[in-house]
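Working notes for the structure below.
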Amino acid sequence: MIGFLTKRILQAIFTVLVVTLVVAFAIRLTGDPALISAQGGGTVTEADLQRIRVALGVDRPFYVQYFGFLKGLLTLDFGRSFVGGTPVSQLIGTALPATLTLAFASLFVSIVLSIPLGVKAATTRGKWPDQAIRIFSLIGLSFPNFWLATMLVLLFAIALQWLPPSGYDGFSSYIMPAVTMGLILTATNVRLVRTTMLDTLRSQYVMVARAKGLSETKVLYKHALRNCAIVLLTFLGVQFGGLLGGIVVVERVFNWPGMGTLAFDAVAARDYPVLQSVITVLSALIIGVNLLIDLAYGLIDPRIRTQ
Amino acid sequence: MANATTSGRLNRFKAMEFVVGILLFGTICLAVLFAPLLFPDGGTKIDLAARLTAPFQSFAHVLGTDPLGRDVLARVVTGGKVSLVVGFASVVGSIFVGVAMGLVAGYYRGAWDALLMRFVDVQLALPFILLAITFFAILGGSLINTIVLLIVSQCVQYARLVRGSVLSLREREFILSARAIGVADRNIILRHLLPNLLGPVIVLATLNFANNILLESSLTFLGLGVDPTIPSWGGMLADARTYLQTAWWVSVFPGLAILLTVLGLNLLGDWLRDSLDPTGRTSR
Amino acid sequence: AGKLTVSLSQDPGSWDPVDTFLVAWATVATNIFDGLTYRGPDLKLVPGLAESWQVSEDGKKITFKLRQNVKFHDGEPFNADAVKFTFDRLLGDEGSKGPQKSNYAAIEKVEVVDPSTVDFILKSPDPVLLTKLAGYGAMIVPPNYIKEKGEDYFNTHPVGTGAFKFISYEPKIGVKLEANPDYWGGAPKISELDYKFITEPATAVAELQAGRVDIVVPPIIPISMVPTIKGDSRLELMSVPGPTVDALRFNTRDGITADVRVRKAIIMAVDRKTIVDAILAGQASEIVSFQSSLSLGYDPDLKGLPFDPEGAKKLLAEAGVKPGAPLQIDIRGNDATMNEVAQAVSSYLQAVGLNPTIKPYELNVLLNDIIPQGKTGALFQQKWGGWTFDYDNTAYSMYHSGEKWNPYEKDAELDKLLESQRPMTDAAEREKVLKQIAAYVNDKALELPLYNSNAIYGVNKRVKNFTPAPDNRIKLNEVTVD
Amino acid sequence: MIDPILSIEGLSVEFGASRVVDNLSYSVEAGRTLAIVGESGSGKSVTALSIMRLADMAGARFAGGKILFQSSNGPVDLLALSQDQMRSIRGKEIAMIFQEPMTSLNPVFSIGDQISEALILHERLTGAQALEAAAELLAKVRLPDPKGQLKRYPHQLSGGMRQRVMIAMALACKPKLLIADEPTTALDVTIQAQILAILRDLQKEFGIGVIFITHDMGVVAEMADDVVVMRNGRKVEEGDVRTIFAKPVQPYTKALLAAVPKLGAMQGKDLPLRTPLTAATDDGVTTAAEEERIQDTAREDAAPLLEVRDLVVRFDVKRGLFGGVSHRVHAVEKVGFTIYPGETLALVGESGSGKSTIGRTIQQLQAATSGTISFRGRQLTDLNKAERHALRQKIQYIFQDPFESLDPRKTAGFSIAEPILTHRLMSAADAKRKVHELLERVGLTAAHAGRYPHEFSGGQRQRVCIARALACDPELIVADESLSALDVSIQAQIINLMMDLQAERGLAYLFISHDMAVVEKISHRVAVLYLGQIVELGRRRQVFETPAHSYTKRLLSAVPVADPTVRRDTPVPTGEIPSPLRPVGDEPAIVTMSEIEAGHFVAG
Ligand SMILES: Nc1ncnc2c1ncn2[C@@H]1O[C@H](COP(=O)(O)OP(=O)(O)OP(=O)(O)O)[C@@H](O)[C@H]1O
Ligand SMILES: Nc1ncnc2c1ncn2[C@@H]1O[C@H](COP(=O)(O)OP(=O)(O)OP(=O)(O)O)[C@@H](O)[C@H]1O
Ligand SMILES: [Mg+2]
Ligand SMILES: [Mg+2]
């Protein structure tokens, strides 16, 4: 087990390295940060550009830059942003908690909603609660997140003035972004829970659990759900990646200073140090979470554990 | 079969599901197919004088007009083509690639698993926008490239999902017994594993179908997509972003078009799944 | 007393004057720092930290008399040494790391004459230098503070002589200032000044509607949301012609647009007035040359080509362009307004028998690859917003051979005209040449000029005494709030 | 007479259009045992599930009747209760042991969790108390190392162990009514005897009413007070156990009793004997006009078909998720035997002694820790891929649990045809015909081909699995407990089928079974397994008539006799139960075998 763990962690580190390499390489294919830095100035000469390149350190060969970045990583020195020179660690220091808390809040919203709704739909298959839940989930899928977000803002922030329209301060500012993200996740998760539950409910052990006199809640949420957990968790892992990376639109609408925005802006500005570091941190997180999920497989399903 | 008619209500419901699904989806497909006949100008005719006409006001613009005075109805119908093509091609493509990857990784474990799953990890960790910008910076933006990009970035989701299910399924005795009979791996995978894990895959496909129609537009929004004069549902929604407060119809109708398509597809998908799934025939 | 909250579309990242070129920086920094000169909302140049100045005959030396008894926020005095330090820094190693140095390349050195007098020695005359000293890299910075605390600290904790003192800065979130009671121009009327960075137009407007932001600074309010603000009784929409101009420029080297007749036909085919009225909701004005009406070099008498689709068709036929000839228009992918405008243009061009397609690009790909490398379609979007309001700044970059923004045109005559005005110290003389350039460009139909957008401010009615500035550099010391 | 604790009146149950229970009535009294016997698929389990009100949750509809139960709150009609009200009765007042132990345990919860759950719920024990009680229950059902078992998961247990877990679970709350649906099919007779003794004890102590569904007439004779015979969803006959056994009235009952294999029936015979089938007809019992045939098919002169030598299989047991290996299950230790073409070798032995593991290892579903297995003289490990594939046609394995070994999403017809098509033995159309033929040979109909696994009864599923194994003309069939869920008449029919095939094609069987009478009837030789090692191996006659090892003797004496007049009184056993689970490093001693007579080996 320890050996297995070490192996997986080494693999994970390797994967993160591959990701950073791909990112470092890809971003350099899309344009020169010196050009962007120099954009506002008047007449820019090649010498001016070269001066900026030297200042940014992008005049050096790719491998030197990349290894420099790796060396920095080892000492947790992520370098400085090309835009303004703020230390990247400081940027990540504010963005990471913002993103993580929002991601977890959204996951929380989605789990709290989707599991009961999905189970309800599965157990009332074909009846009206099932229909209603399925249509709700399809509406969630059909309108883009900025649409939902804007509607929430119009209602709760402008018409009713109950919640702040945007920002990252305090509990009330979490509600709308988490609900937006959460509802969109819920839309899919409900269907997923419903499908996997339908498969599980047929099993004899569900009948046995009922025969013990367990309450329907226990039967469904303990016996049946645990058997769906592998699929649900896998899905959560996939979503977590999407949440961290694809949160940009919601972050924008709610002016949430998260990693998504940071990455997006960094791509737009070809801000190599920020982008590389953000992706490194995000990929480590995503890969870490998925590794944990892989390990959890064994915890959840003892049959996999013996392998 | 004796048990096929277990519950009349469930069956009636299923029949209805099928009929409504076919009606919805069929109508939409037909409309999109015959769009060039219905709306010869393809909803590209600009009439700045009639911009942002509200819906249900005039016969010429039943669903109103957009900020450039184009007919929303014509654009919704014409726009279906791009959206449906993107939606279908990307989803079908990623299902093929992703499910195959997941099955191989989960069933054979070992080196294949490690290799494929590391690829999946890398892919899951890469932000979509960076991928998109690089992809288009190198290859240029086009419909085909959009589809390829979506496939590349999404197939891994299927791969992971499928692998997870396979890991637990492959320890089940009915898989063992298929192995004991000598059923070739390929057939075990195709005949026994695949049908037993299709449920979640269909869910993910539904999600991605809708999502990709919307993503196609956010690519346009990033400036990576296609010609904005060619209408698409996602594009219309994206263009309507800042008009939500003043002209709801610009965003609601393309949104409804997506909703109805996804709804029709889902009804059909559920019906198909239920008809394939024996448990549905007797359980509640 | 009272607190004012302003929304900004961008986080400049650094507060050091030498590091930046962002308008958002200037919006804030104009309240923290002062330059030797100052240019207010009326665009007139007035004394700033310099009480007066004298330009030598040959234009190569400027002598500034400095204001007395001015202190930086940290208490250290403002004097000639600070001025020298500022410019040594800008033109030295520190400045080399940023984009500002090239704007001040004309300065050879700064000499301290006495504590309240400095001489600027120039390599060559620069007619726009005095304007440039009112902004950006020329903001006077505190020498001791920077030496003691270091450059990095200064980046995130700016100190100047301005009306407001810096309190705190949170990257990507906002920056907070407080009134500087000792301000040489008189203590500000409000006590706190908060800036929030809000990138999303709808969000900025929502915050304004919710009363959590008092002023939304351009360029963020989209034309499409103008009715929303106008419709809100608590809000006021203020708009002034700004420096930003938009044009679709031609690929004059290849394809059908290499022919001046085709270019003229295209210009004539597009009804720009309707575009400005309908799509831009009147929040812009038509232009004939690629500059705003506020710019030096603007010629009200210059007549552009009229909207004349029939004439356009004729010209096209004359040039031998077949109906249905393809034509590509490259635009910025993230510019929602241009997205609509380009589609309208495309429909006008269709009406005269061309077959246009629109190709959106990611901003930086377009700006740093497609345009400079001359890989554009027949038309490409150019947006320009020179804060100096001087046509030279635009025209030289657009039309002089070998310039980044001019991948196609090589016109010796135009080059000569552009070069000729640069050393001129006589403003009137120079203006004449600039007008000449505009007429020449118009004649050659080098671009399809579109419009000069207004700077649109959304302001809560509780804000009093606020004057919108065309260049976003709003100094808020006179503003009060209810 | 005291009021019955449960009485069913005119119950009818339907699945869709088909009525599977028709106007059924019977009653159970406190402290008495009602045995339900009858044809496989006759609605026994569905009735049991109806009492629990689980049948309707699985899609059944009650077309009529009442089920009256004396609950602690007075008499109620169970059919009239809501599911909510039922919940306080289930598990607490009525408990049920389900037919298929494999699929009845939730694969993702530990044994301890699953047993203690009901205790926490109904007896309001704390978690720790409940676990302790669970361990006691496990000890009661004679599971080795009860404390250790609490932490194990269902897939780590053998079939019989799981069944005992199910029994423990049902007994947990000392219900008033216990429904036991084939509770001992996976148990060897010694443990079966012990379990039956425990049930009887509990019954006496608490006055439990028991509904005992079984195919084993010996068990009926031993346990039941009353008997109900069912067929086709209807009650055929009902009565006191002695009367039923002594004077059956209905032809079906007579046929059933006639078909019961009796231990000792083969006394004096060297070889297995195929006997004609006895069946019920409208006017009595007829015996098919077939001759008896001596099954002289074993070709011991030929080269052995299968040779197992020094086979060892061990399972590592880890403590915790990250812990190292602390214990090992020594499931199979140094086992060796040979099977000749046309021979039936029976493998009998205690539950959990490694029989299934041997079978799975032969079928290459389980890696051997050491030792060799050769088929037709070739070691399995030396085979290349194609040869291995071919071997999967020649050796067929019938899994112990039919439900779990059928793909829930494939019809029975597909599952049966699959081996044929896999090995390209015939065209698809021929395969279809073959499937129908096979179904009929195992006593089902061609129409069953279109059904899905969950639509069958336990015995029907088992026959589907047998048909599947026969489908591809194997040379060796490993039949793991594969007649256990069949009623005796179908069982006899299948035994004859197996023997016919053996005679026709020289098929060999490795026959794993707990039913000693069946073993006696069909096997040429017998191997007795105990704690993973063979303790006795010899010709059937040698082992059955002159058993030498003490375990074999115990086994034979524990076989219940199908005669209610001779009841033994097995004392409830106590004391340590030997376990194959050992700490790492503590290897079990290997027994040495000696040949006490030609071909008869005994551990000494
Ligand atoms: N879920 C179901 N759907 C349809 N038919 C079913 C279902 N469950 C059972 N049946 C049918 O009902 C009949 C009675 O089944 P039941 O399980 O009660 O038989 P049984 O008497 O217990 O047989 P066995 O001894 O083989 O277990 C069988 O013909 C079976 O095929
Ligand atoms: N996957 C596993 N992990 C750990 N132990 C196992 C595993 N499979 C089987 N065992 C153990 O191996 C031993 C032998 O099991 P096996 O299934 O071969 O018994 P069996 O003789 O077939 O018993 P039964 O007659 O009850 O089916 C048992 O103690 C069981 O607990
Ligand atoms: Mg049964
Ligand atoms: Mg077994």
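Reminder, nothing fancy here: chain letters follow the sequence lines and each chain counts from 1. Please read all numbers here as calculations on a predicted model, not as lab measurements.
With 3.5 Å as the limit, one finds no donor-acceptor pair spanning the side chains of A:R134 and B:N266.
The contact between A:V231 and chain B is made by backbone and side chain atoms together, counting heavy-atom distances below 4.5 Å. For B:V252, the parts lying near chain A are the backbone and the side chain together; criterion is any non-hydrogen pair under 4.5 Å. Residue A:L154 touches chain B through its side chain alone, counting heavy-atom pairs closer than 4.5 Å. Both the backbone and the side chain of B:T206 come within contact range of chain A, judged by heavy atoms closer than 4.5 Å. Looking at A:T196, the atoms closer than 4.5 Å to chain B (heavy atoms on both sides) all sit in the side chain, from C-beta outward.
Minimum interatomic distance between B:P200 and A:T195 (heavy atoms only, all atoms of both residues): N-CG2, 4.2 Å. When all heavy atoms of B:L161 and A:T234 are compared, the pair lying nearest together is CA-CG2, 3.6 Å. Minimum interatomic distance between A:Y297 and B:G164 (heavy atoms only, all atoms of both residues): OH-CA, 3.4 Å.
The structure places CG of B:L267 at 7.5 Å from CD1 of A:I135, a figure rounded to the nearest 0.5 Å. To the nearest 0.5 Å, atoms CG (A:L138) and CG (B:L260) are separated by 10.5 Å. Here the CD1 atom belonging to A:I293 is positioned 6.0 Å from the CZ atom belonging to B:R160, to the nearest 0.5 angstrom. Rounded to the nearest 0.5 angstrom, B:L124 CG and A:Q239 CD are separated by 11.5 Å.
Annotation: side-chain hydrogen bond (donor to acceptor under 3.5 Å, both in side chains) contacts of A:T20 (sequence neighbours excluded): A:Y66. A search for salt bridge (charged side-chain N to carboxylate O under 4.0 Å, His left out) contacts involving B:R179 returns nothing, not counting sequence neighbours. Not counting sequence neighbours, the partners of B:R172 by the salt bridge (charged side-chain N to carboxylate O under 4.0 Å, His left out) test are D:E404.
A:V22 has its side chain out of reach of B:Q123: every pair of non-hydrogen atoms, C-beta onward, lies at least 4.5 Å apart.
Remark: of the listed residues A:I287, A:I286, A:V18, A:V18 is the sole one forming a side chain to side chain contact (heavy atoms under 4.5 Å, CB included) with B:V122.
Contacts with chain B were tallied for A:I158, A:D294, A:I184; A:D294 has the most, counting heavy-atom pairs under 4.5 Å. Interface remark: of the candidates A:L232, A:L192, A:I230, A:L192 forms the most heavy-atom pairs closer than 4.5 Å to chain B. Counting heavy-atom pairs under 4.5 Å between each of B:G255, B:A210, B:S251, B:A257 and chain A puts B:G255 at the top.
Atom CZ of A:F62 has more than 12 neighbouring heavy atoms from other residues, nucleotides or ligands inside a 6.0 Å radius.
Among residues 268-279 of chain A, the residues having any heavy atom closer than 4.5 Å to a heavy atom of chain B are, in sequence order, A:R270, A:L275, A:I279.
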